[in-house]
Amino acid sequence: MTSFGFPRFSRLLNAGDYRQVFNGAKIKVSDKHLLILASPNPLSRPRLGLVIAKKNIRLAVHRNRVKRLVRETFRQQDPALPPLDIVVLARRGLGELDNQALHQLLNSSWKRLVKYSRRHLDRPTPT
RNA sequence: AGAGUCCGCCGGACAGUCGCCGUUUCAGCUUCGCUGAAAGGGAGGAAAGUCCGGGCUCCGCAGGGCAGGGUGCCAGGUAACGCCUGGGGGGCGCGAGCCUACGGAAAGUGCAGCAGAGAGUAGACCGCCUAAGCGGACCGGUUUUCGGACCGGACCGCCGGUAAGGGUGAAAGGGUGCGGUAAGAGCGCACCGCGUGGGUGGUAACACGCCACGGCACGGUAAACCCCACCUGGAGCAAGACCAAAUAGGGAUCCAUUGGCGUGGCCCACGCUGGAUCCGGGUAGGUUGCUUGAGGCCUGUGGUGACGCAGGUCCUAGAUGAAUGGCUGUCCACGACAGAACCCGGCUUACAGGCGGACUCUCACC
RNA sequence: CGGUGUGUAGCGCAGCCUGGUAGCGCACUUCCUUCGGGAGGAAGGGGUCGGAGGUUCGAAUCCUCUCACACCGA
């Protein structure tokens, strides 16, 4: 239970980390309001990055709320996730959802991500 | 009780639990640092728009002139302002109050479509007038050499007069009344308005039921050019500084010392010394700036007020892919607009609802 | 975060500085031409000038506020 924290080493920190995920995204989970990209990393933990564009969510208040909820659900799912670099992108309309709907959407997305990644990691990855 | 005006304040609360970001102290590993524990702190009245003004930083020590830009009743406040306070003029409201880009059109230039006679040294379309001048025709009278002549009256036309009235227009060159006249007209007069000079009050804007003079000649537009007064160098924390990494005193072509560069549009002055273009190569970040400030609160004091002064007291976000949140429970008025990114002072715009104070009008009762 | 620019007919743009008529090309409608279509020719329709307020007699144009969209800066 000590691993419920969200410390600094669980985040993507610079542009290079993001570029790796965008270029080598093996796993995708897509929804009307949301897109998750992920690729395996050599660390023992998953790492999270957020791309919440102003173009898709107009108000800063809504952008902050979405980011908090994504981080919060990531923190709760953390021990169940394999070592992946994950980038969550917001699509248009995500800011209009209320907290309950966002929770449902995010939790189901995390479950889908775990399922896809299991299937992907079982196969031997060609390097 | 109803309607309304102004000013100030608040912007869900509490508890549990799981997290995030700084600060301080302690402990451990022990070079920076990392980990753990405790304490305390962690979005707004607009944090917003970026419309102004500053601080700070670099550009050249921020210097002169021109150009450009801004402001625009007066006085004060302020670091400064396009802000605020007080006062004046104008407008709206019964009132409390509210609104106000409000210098100059007798320095000059320009503009005003259409309509209309005329649109800025005015103008005669309709109408009004026929006194003076010319012409035509009629009536009456006198006279006659029977052609006419003269006198008077009224009519028409021309030449004219007239800005009172109609009509056009956003706008037609003071208003009302009386006199005057052919009809009219500041043509004359009275009052009102206006202008000029003076006087009085006021720091001033300005005011005056003060005095004298002028018949009046000054139309609108300056958010058109412009004139006057005052202000104004340019960029912006992605500014800038430091550390580390990489590379490079790489190659080619062209121009050249009355040159070129130095972040502003030009010139001067000043400083530096080759410059421009193309090809090739490389790109990785970290630290700092970063929060104590024209700061908040309280008391006293000067001022009508904005605000100033003195003393006491408090420390109150500082992230950097970017913290200030999730869940549960209880309560109520069932929660609007909305999230710091260098920092302040304003303005403007958005906003569920609630609280307090001062005041105005109407109605009823005592 | 800071700094710029643009909103005009279905689409792409003029007109704005210097205020009175909103115009051009493509597209659309009708007609001519053709056996029919295309091309060509002729005629025609269509615009709250992003929104609100102000200045002016009069605003797409000048001024203020506001809303969108695009671009630039590590």
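Numbers restart at 1 for each chain; the letters A, B, ... are given by sequence-line order, proteins then strands.
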Could you pull out every donor-acceptor pair under 3.5 Å between side chains of residues 85-93 of chain A and any protein atom, sequence neighbours left out?
from, atom 1, to, atom 2, distance (Å)
A/Asp85, OD1, A/Asn41, ND2, 2.7
A/Asp85, OD1, A/Arg47, NE, 3.0
A/Asp85, OD2, A/Arg47, NH2, 3.1
A/Arg91, NH1, A/Ser30, OG, 3.2
A/Arg91, NH1, A/Asp31, O, 2.8

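Across all strands shown, nothing is found opposite B/G264 as a Watson-Crick or G-U wobble partner with both distances under 3.5 Å. When both distances must be under 3.5 Å, the Watson-Crick or G-U wobble mate of B/A306 does not exist. Applying the Watson-Crick and G-U wobble criteria (two distances, each under 3.5 Å), B/U247 pairs with nothing in any strand. With a 3.5 Å ceiling on both atom-pair distances, B/A131 lacks any Watson-Crick or G-U wobble partner. Look at B/G318: it lacks any Watson-Crick or wobble partner with both distances under 3.5 angstrom. Searching all strands for a Watson-Crick or G-U wobble partner of B/U258 with both distances below 3.5 Å returns nothing. The partner of B/G311 is B/C298, judged by Watson-Crick or G-U wobble contacts that both fall below 3.5 Å. Partner assigned to B/C56 is B/G236, using Watson-Crick or G-U wobble distances below 3.5 angstrom.
With A/Arg63 contributing its side chain and A/Ala53 its backbone, the two residues share no donor-acceptor pair below 3.5 Å.
Put simply, the side chain of A/Glu72 reaches to within 4.5 Å of the side chain of A/Gln76, judged on heavy atoms. Looking only at side-chain heavy atoms (C-beta outward), A/Leu50 and A/Arg71 come within less than 4.5 Å of each other. Under the 4.5 Å side-chain criterion, counting only non-hydrogen atoms from C-beta, A/Phe74 is not in contact with A/Leu106. For the pair A/Ile27 and A/Ser39, the minimum side-chain heavy-atom distance is 4.5 Å or more. Counting heavy atoms from C-beta on, the side chains of A/His33 and A/Leu97 come closer than 4.5 Å. For the pair A/Leu102 and A/Val70, the minimum side-chain heavy-atom distance is 4.5 Å or more.
Here, B/G220 and B/G97 have their P atoms 36 Å apart, quoted to the whole Å. B/A46 and B/A340 have their P atoms separated by 15 Å, with the value rounded to a whole Å. As rounded to the nearest Å, B/C208 and B/U181 have C1' atoms that lie 41 Å from one another. When the C1' atom is used for both B/A75 and B/U121, the distance is 44 Å, rounded to whole Å. Of the C1' atoms belonging to B/C210 and B/U109, the separation is 43 Å, rounded to the nearest Å. Nucleotides B/G152 and B/C146 are separated by 27 Å at their P atoms, to the nearest Å. Nucleotides C/U55 and B/A224 have their P atoms positioned 12 Å apart, rounded to a whole Å. For the P atoms, the distance linking B/U349 with C/G54 amounts to 14 Å, nearest Å.
Contact detail for A/Ser117 and A/Leu84: the closest heavy-atom pair is CB-CD1, 3.9 Å. When all heavy atoms of A/Val66 and A/Gly95 are compared, the pair lying nearest together is CG2-CA, 4.5 Å. Nearest heavy-atom pair, A/Leu113 versus A/Ala38, reported as atom, atom and distance to 0.1 Å: CD1-CB, 4.2 Å.
Remark: C1' of B/C18 and CZ of A/Phe74 are 16 Å apart, rounded to the nearest angstrom. In this structure, A/Glu96 atom CD and B/A338 atom P are separated by 12 Å, rounded to whole Å. Rounded to a whole Å, the CG atom of A/Asn107 is 11 Å from the P atom of B/C327. With rounding to whole Å, A/Arg65 atom CZ is found 13 Å from B/G339 atom P. We find that CG of A/Leu97 is positioned 15 Å from P of B/G326, with the value rounded to whole Å. B/A43 atom C1' lies 15 Å from atom CZ of A/Arg63, rounded to whole Å. Rounded to whole angstrom, the span from the NE2 atom of A/His103 across to the C1' atom of B/C327 amounts to 7 Å. Put simply, CD1 on A/Ile57 is 14 Å from C1' on B/G339, counting in whole angstrom units.
Within the structure, every side-chain polar atom (N or O) of A/Asn64 is placed at least 4.0 Å from both OP1 and OP2 of B/U324. The phosphate of B/U324 has OP1 or OP2 within less than 4.0 Å of a side-chain N or O from A/Arg68. In this structure, A/Arg58 reaches the C/C69 phosphate: one of its side-chain N or O atoms is under 4.0 Å from OP1 or OP2. Phosphate contact (OP1/OP2 of B/A323, side-chain N/O of A/Arg71, threshold under 4.0 Å): present.
In this entry the base of B/G22 is syn relative to its sugar, with a glycosidic angle within 90° of 0. With a glycosidic angle further than 90° from 0, B/U258 counts as anti. Nucleotide B/A115 carries an anti base; the chi torsion (O4'-C1'-N9-C4 or O4'-C1'-N1-C2) is more than 90° from 0. Base orientation at B/G45 is syn, since its O4'-C1' glycosidic dihedral falls within 90° of 0. In this structure, B/G152 is classed as anti because its glycosidic torsion departs from zero by more than 90°.
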Filtered N/O pairs between nucleotides 47-49 of chain B and protein, under 3.5 Å:
none

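Residues A/Lys67 and A/Ala60 both approach RNA chain B. Their nearest nucleotides, taken by heavy-atom distance, put A/Lys67 toward the 5′ side. When the nearest nucleotides of RNA chain B are assigned to A/Val51 and A/Leu69 by heavy-atom distance, the more 5′-ward of the two goes with A/Val51.
For A/Arg75, the listed nucleotide lying nearest its side chain is B/G19; candidates were C/C69, B/G19, B/U324.
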- Where each pair must be Watson-Crick or G-U wobble with both distances under 3.5 Å, what dot-bracket representation of RNA chain C is obtained, with crossing pairs in [ ] and other-strand partners as |? ((((((((.[[[[.)....(..]]]].(((((.......))))).....[[[[[..)....]]]]]))))))).
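Counting non-hydrogen atoms under 4.0 angstrom, A/Leu59 reaches the backbone sugars and phosphates but no base.
Annotation: the span from A/Gln104 atom CD to A/Asp98 atom CG amounts to 8.5 Å, rounded to 0.5 Å. Note that CG of A/Leu69 is 12.0 Å distant from CD of A/Gln100, once rounded to the nearest 0.5 Å.
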